[in-house]
Amino acid sequence: YLRKLARKFNNKMISRRLENVNSLVLLTEQMKEPLRVGNRPYTIVEGIWSKEDSKIDCVPQNVDKRILFYSGTLHYQFGIQLLLDAFEQIEGENYELWICGAGEAAENIKKLAEKDSRIKFFGFCDSTRVAELRNCASVLVNPRPADGEYTKYSFPSKTMEYLASGIPVVMFHLPGIPKEYDELLFYVEKPEANEFSQRIIEICSLNDEERMQYSIRARRFIQEQKNETVQAAKILELIKNS
């Protein structure tokens with residue numbers, strides 16, 4: 001109760017202070033409406049890639065395995081059940097699902113891992129361990145659905161981390177993701193397990209040349225266009241023009 005009361009007061013104060021703000025740095029384009037930006041100047045900074053994130057390089061993938069990797073909060077509202085259902089529809093012992101994270105679905109995932117040896121649950125891991133596991137994967141997945149109102153005002157930070165790894169990323173087209181990412185992300189059209197599983201199989205079938213070309217484009221995009229210097233320059237330019 002006290003937390004809700006404090007948040008209500010906090011939101012009221014923020015809303016009042018926004019009237020005195022000259023310019024804004026937004027996470028997504030859609031935030032303009034609820035924040036009543038109007039004619040005030042603004043810029044979009046959805047995230048920042050740091051050189052520190054590249055210390056763990058990509059490692060050669062296991063040619064005999066097709067490893068699907070997910071890391072993050074294991075809440076059902078973020079689509080973890082959809083991912084589990086999709087993987088269940090994928091046949092073949094050479095496919096594996098690796099999951100890192102914590103949340104309400106953790107116990108269910110542990111039970112599924114006991115029944116299906118292809119599912120590997122690593123629990124909550126630090127960032128270094130997550131990067132090590134991620135860079136062994138064939139496909140990185142984010143099953144977060146696009147139907148929640150909050151998706152207009154959020155940009156999953158793992159999207160940038162996933163692309164920087166150079167490994168193909170399968171996810172839904174979330175409204176908060178800028179259009180410039182569309183050519184690098186492999187979107188699933190419908191929030192259905194069958195659609196998700198088919199998309200995963202399709203991406204796992206890419207040949208070495210296609211994977212290499214994708215890896216180069218994805219890593220270059222993040223490293224050159226989303227680094228500290230480029231993203232900070234947007235803010236400095238905003239301040240200058242204001």
Side-chain angles (χ1 to χ4, degrees), residues 27 46-50 52-62 65-88 90 95-113 116-146 148 150-151 154-174 176-177 181 184-188 191 193 196-197 199-200 203-204 211 214-215 218-219 222-223 226:
L27 190 69
E46 75 281 9
I48 298 176
W49 176 82
S50 171
E52 295 295 316
D53 298 333
S54 64
K55 285 186 175 181
I56 300 178
D57 295 325
C58 287
V59 298
Q61 298 176 14
N62 189 328
K65 296 287 184 180
R66 296 292 180 266
I67 299 171
L68 322 179
F69 180 81
Y70 171 79
S71 64
T73 305
L74 304 179
H75 288 341
Y76 291 112
Q77 72 178 99
F78 296 145
I80 187 63
Q81 187 61 53
L82 178 65
L83 174 59
L84 295 170
D85 292 342
F87 183 71
E88 187 178 15
I90 298 176
Y95 282 93
E96 291 186 359
L97 174 60
W98 293 8
I99 298 176
C100 294
E104 61 183 339
E107 289 302 317
N108 182 39
I109 295 172
K110 290 179 183 178
K111 292 178 181 178
L112 290 174
D116 188 344
S117 61
R118 301 180 304 162
I119 300 176
K120 313 295 182 184
F121 180 53
F122 298 91
F124 181 81
C125 302
D126 61 31
S127 58
T128 300
R129 179 57 173 161
V130 169
E132 290 173 348
L133 295 170
R134 179 190 65 215
N135 291 340
C136 294
S138 307
V139 174
L140 305 176
V141 295
N142 182 3
R144 179 176 295 192
Y150 72 94
T151 60
S154 67
F155 177 88
S157 59
K158 68 167 60 70
T159 305
M160 197 170 283
E161 297 169 5
Y162 279 6
L163 287 172
S165 72
I167 301 169
V169 183
V170 175
M171 62 184 297
F172 294 108
H173 192 175
L174 304 178
I177 296 180
Y181 286 81
L184 297 170
L185 298 170
F186 294 96
Y187 291 130
V188 179
F196 213 99
S197 62
R199 192 61 162 152
I200 289 172
I203 305 309
C204 284
R211 281 182 168 276
Y214 171 85
S215 180
R219 300 189 82 184
I222 297 298
Q223 293 175 6
K226 302 300 175 181

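Using a 4.5 Å heavy-atom threshold, the side chains of Pro156 and Leu174 count as touching. Between Val169 and Leu184, the closest side-chain pair of non-hydrogen atoms is not below 4.5 Å. With a 4.5 Å cut-off on side-chain heavy atoms, Leu68 and Leu83 do not count as touching. A 4.5 Å side-chain heavy-atom check between Leu84 and Ile109 finds at least one atom pair inside the cut-off. By the 4.5 Å heavy-atom criterion applied to side chains, Ser138 and Lys65 are not counted as neighbours. Using a 4.5 Å heavy-atom cutoff, the side chains of Phe69 and Val130 are in contact.
Taking each heavy atom of Arg134 and Glu161 in turn, the nearest pair found is NH1-CB, 4.1 Å. Between Leu163 and Ala218, the shortest heavy-atom distance links the atoms O-CB, 3.5 Å. For Arg144 against Ser154, the heavy-atom pair with the smallest separation is NH1-OG, 4.1 Å. Residues Ser165 and Leu140 approach most closely at OG-CD1, 3.4 Å, considering heavy atoms. A pairwise comparison of heavy atoms in Ala146 and Thr151 identifies O-OG1, 3.6 Å as the closest pair. Here the closest non-hydrogen pair linking Ala86 and Ser197 is O-CB, 3.3 Å.
Tyr187 pairs by the side chain to side chain donor-acceptor pair (under 3.5 Å) definition with Asp182, not counting sequence neighbours. Qualifying salt bridge (Lys or Arg N to Asp or Glu O under 4.0 Å) partners for Lys111, counting only residues two or more places apart in sequence or in other chains: none. A search for side chain to side chain donor-acceptor pair (under 3.5 Å) contacts involving Lys158 returns nothing, not counting sequence neighbours. Under the rule for a ring-ring contact (aromatic ring centres under 6.0 Å, His included), Tyr162 has no partner lying at least two apart in sequence or in another chain. Residues satisfying the ring-ring contact (aromatic ring centres under 6.0 Å, His included) criterion with Phe196, sequence neighbours excluded, are Phe172. Considering only residues two or more places apart in sequence or on other chains, Phe155 meets the ring-ring contact (aromatic ring centres under 6.0 Å, His included) condition with Tyr181. Under the side chain to side chain contact (heavy atoms under 4.5 Å, CB included) criterion, Asp85 pairs with Gln81, Glu88, Ala193, not counting sequence neighbours. Shown here are the side chain to side chain donor-acceptor pair (under 3.5 Å) partners of Tyr95, two or more places apart in sequence or in another chain: there are none. Taking the side chain to side chain contact (heavy atoms under 4.5 Å, CB included) definition, one finds that Thr73 meets it with His75, Phe78, sequence neighbours left out.
Within the model, atoms CD1 of Ile222 and OG1 of Thr159 stand 9.0 Å from one another, a figure rounded to the nearest 0.5 Å. Note that the SG atom of Cys100 and the CG atom of Leu133 stand 4.5 Å from one another [nearest 0.5 Å]. Here the SG-CD1 distance, from Cys125 to Ile99, works out to 11.5 Å after rounding to the nearest 0.5 Å. Once rounded to the nearest 0.5 Å, the distance linking CG of Asn142 with CG of Leu185 reads 9.5 Å. Separating the OG atom in Ser50 from the CD atom in Gln223 is a distance of 11.0 Å, to the nearest 0.5 Å. For the atom pair CZ of Phe124 and CZ of Arg129, the computed distance is 13.5 Å after rounding to the nearest 0.5 Å.
Shown here is Tyr76, whose OH atom has more than 12 heavy atoms of other residues, nucleotides or ligands within 6.0 Å.
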Given side chain to side chain contact (heavy atoms under 4.5 Å, CB included), test Phe87 with Ile200 step by step and report yes or no. CA-CA 9 Å; Phe87 183 71; Ile200 289 172; over 6 Å; no
Could you pull out every donor-acceptor pair under 3.5 Å between side chains of residues 116-123 and any protein atom, sequence neighbours left out?
{"residue": "Asp116", "atom": "OD1", "partner": "Arg118", "partner atom": "N", "Å": "3.0"}
{"residue": "Asp116", "atom": "OD1", "partner": "Arg118", "partner atom": "NE", "Å": "3.2"}
{"residue": "Asp116", "atom": "OD2", "partner": "Arg118", "partner atom": "NE", "Å": "3.4"}
{"residue": "Asp116", "atom": "OD2", "partner": "Arg118", "partner atom": "NH2", "Å": "3.2"}
{"residue": "Arg118", "atom": "NH1", "partner": "Ile90", "partner atom": "O", "Å": "2.9"}
{"residue": "Arg118", "atom": "NH1", "partner": "Gly92", "partner atom": "O", "Å": "3.0"}
{"residue": "Arg118", "atom": "NH2", "partner": "Ile90", "partner atom": "O", "Å": "3.3"}
{"residue": "Lys120", "atom": "NZ", "partner": "Ser117", "partner atom": "O", "Å": "2.8"}

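Between Tyr214 and Phe186, the distance from one ring center to the other falls under 6.0 angstrom.
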